[in-house]
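Quick notes on the structure that follows.
The analysis underlying the following values was restricted to heavy atoms, covering all of them including side chains, and did not include hydrogens, waters or symmetry mates. Values in this document were obtained by computation on a predicted structure and should not be read as measured data. So that the names make sense, note that chain A is the first sequence line, chain B the second, and so on, each numbered from 1.
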Amino acid sequence: MSSARSFSFRLWLVVFIVLAGAAVMLRHYYVAQMRAVALEELRTIVVSQAAVLTKARADYGAPYLRDLVASAPGERYDPRLVLVYRDTAGVVGSQHWPAVTPEQWRVVILPEQTEPVLGTVHAFAGGDRLFIGYSMARLKQLDAEWRQSLWRDMLASGIFAVLVSVLVVVLQSRALRPFNLAFMRIRSGDLGGRVQSFGSQDQFDRLADNLNRTLDWIASLLITVRETTNSLAHDLRTPLSRHRLRLAQLAARPDLPAAARQEVEAAVGEVDGLVGLFEQLLLIARAESGVVGEHFRVFDLCEVVADLLDVYEPLWQERGQVMTAVLPESPLWVHGDRQWLLQALSNLVDNAIKYGQEQGALSLRLVRAQDQLLLTLANEAPPLPDEALNRVFDRFYRVDASRHTPGWGLGLALARAVIRWHDGELALVNTASGVEALVRLPAAEVAG
Amino acid sequence: MRILLIEDDEAQGRFLVEELTAAGHSTQWATTGVTGLQAASELSYDVIILDRLLPQLDGLTLLKSLRQAGNRVPALILSALSSVDERVQGLKAGGDDYLCKPFAVSELLARLEALVRRPERQPAETKLIVGDLEMDLLARTVNRAGRGIALQNREFRLLEYLMRHSGQVVTRTMLLEEVWSFHFDPGTNVVDAQISKLRQKLDRDHDHAMINTIRGVGYRLDA
């Protein structure tokens, strides 16, 4: 569901490591304390027993001590107490005499004991020696407990980490939601969407403030562009219109020689050309500043492409070209402006025909791939130089050789601007035999 | 035809009046929205040409008032605002056609003609007949002088439009808009190519051509 790099996972990992690390350290500290206490207890017992036994020897003599040690450990009140006695007659209490320097503490392993023993040796004046030790079973038990608890700690840390990270992610999503909503609103044309201040004087508040100011700026830019394109439309068309009018009037004068009339009519044609150019530039500007959702409807892209193929068929037939088109049977719904997309795609078809070889092959394919609609349009033509593949979309760009074909080099700029306005993308690639245009558009969901 | 022109621009207005008169129409010229509205309400015209941007009373508001008052005279709107939404607004306000400035007078004349002689569609109409050309709308067949002509769907639509406007000049822009719903200039001669193909099918093997090219303006289907 979420990739290893996702925020949630990383958050969980961090929390888990922190919690687990803390748990391990705490547990370790606790156990170390327990061990120290146990060790201390152990020594205290040994020391006090040593005192008792020393006094017994002093009171009742060395043989008494010997007998005491030789008696079965089960009869003593604490079976964990280990006594070994050595004198000239031999060793009692164990097979081996633990080699411990008197008054030194040492851990020894005795064959009779299952656990190691910590103890010390008392050397008496008569040459006999007594080893007094205590089993370290308790400490071993503590160690085992700690190892077991380690797994429990990891599990508990893991679970807590999940809870914490989920909580954090939820809180964060809640905090970020108003931001995403504001962006979506402005993206869909509602220039009024803003984020309310949280009143918390913290980083989220600062973020909200910055966002609102940026949205204000974007809104004013959009309004400016819209107003400019509208007023430009009017302000430039009016004088051009007058200009054309004059020329048309001139051409209509009866006293004008035929040759002059031809020239004037040509001039009128050029004014029309200018108007067309200017119109295209305005359209591109509008498409580039276009806000998704304005007058957008859901319609069938297949229909549009089919119409387009219908209209352009005689043109490719005139050039002896053959078109193979693959369209799906069922509608492919898209959300947008039919006229704009029609115009964008018609530019592409026109280019494919115009720059494709005569007698060459043309191919068009329209399919749906998951939530995207893909259209590919290819012709047979010499390949475009690599740097041209991107630059063709610049306004007025003509691939060198074609400065003689009619047009201003705006068709692709317009097509890309329109397609991007529809949340799609347009690219040109070189194929083995020609050039291919790839159009991607998001598919629209239609209820029912 | 009797034309009412509502246009505030002096030069434009004068030029149009000259041209329309030269084409044989009688033209009344009003220079403000108010006088235009008056004229339209008081006298009867075959068609009204009005500029969108007028002083005092905006063209679309004028149109809406006319329509609300029950005036059904065909109206052609002139405007420097060319976007599709503006067009749609104009048509919604009650306009019947929309022409962007600058335009060729021939375009204007062709459209006026089409507006005025707009054929009322008979509900029972099943056939269109122009000269020896016959089109069966139900069966979707066409024959000329008794011989059948195989037409593809779009060729059929194109011919239907030409037949409904037989004897009138139709411009390329009109064809693009009405037959193929292209509300933009595709920049290439798609229309010419389409007409050329239709011509081949229609006029080949027959003694006279029905589709005539009117230089600089468009095409006309004649009997």
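Heavy-atom pairs under 4.5 Å with chain A peak, among B/Ala11, B/Cys100, B/Ala22, B/Ala80, at B/Ala80. Ranked by heavy-atom pairs under 4.5 Å with chain B, the list A/Asn347, A/Ile353, A/Leu315 is led by A/Leu315. Annotation: maximal heavy-atom pairing with chain B below 4.5 Å, among A/Gln339, A/Glu318, A/Gln280, A/Arg242, occurs at A/Gln339. Between chain A and the residues B/Ser79, B/Pro186, B/Gly216, B/Ala104, the most heavy-atom pairs under 4.5 angstrom are made by B/Ala104.
A heavy-atom distance below 4.5 Å is found between the side chains of B/Glu18 and A/Gln249. For the pair B/Val190/A/Tyr312, a side-chain contact is recorded, criterion being any heavy-atom separation below 4.5 Å from C-beta on. Residues B/Arg154 and A/Pro314 form a side-chain contact, since some pair of their non-hydrogen atoms from C-beta on lies under 4.5 Å apart. Side chains of B/Phe182 and A/Leu308 form a contact here, defined as non-hydrogen atoms less than 4.5 Å apart. Side-chain contact check for B/Gln152 versus A/Glu313: some heavy-atom pair is nearer than 4.5 Å.
For chain A, the nearby part of B/Leu53 is the side chain; its heavy atoms alone come within less than 4.5 Å. Heavy atoms closer than 4.5 Å to chain B are found in the side chain of A/Asp350, but not in its backbone. In this structure, chain A has heavy atoms under 4.5 Å from both the backbone and the side chain of B/Lys101. For chain A, the nearby part of B/Asp9 is the side chain; its heavy atoms alone come within less than 4.5 Å.
Side-chain N or O atoms of B/Gln194 include one that pairs as donor or acceptor with a backbone N or O of A/Asp310 at under 3.5 Å.
At most 12 heavy atoms of other shown residues, nucleotides or ligands fall within 6.0 angstrom of atom NZ in B/Lys64. When the shell of 6.0 Å around CD of B/Gln56 is examined, it contains more than 12 heavy atoms from other residues, nucleotides or ligands. A 6.0 Å sphere centred on CZ of A/Arg246 holds no more than 12 heavy atoms belonging to other residues, nucleotides or ligands. Annotation for A/Gln262: atom CD does not count as buried by contact number, only 12 or fewer foreign heavy atoms lying within 6.0 Å.
Here CZ of B/Phe15 is found 9.5 Å from OG of A/Ser241. Values are rounded to the nearest 0.5 Å.
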Do B/Phe184 and A/Leu342 pass the side chain to side chain contact (heavy atoms under 4.5 Å, CB included) test, and can you show the C-alpha distance, the side-chain angles, and the key distance before you say yes or no? CA-CA 9 Å; B/Phe184 59 89; A/Leu342 184 61; 3.9 Å; yes

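Just one of A/Thr238, A/Val268, A/Val275 meets the side-chain contact (heavy atoms from CB on, under 4.5 Å) condition when paired with B/Pro102; it is A/Val275.
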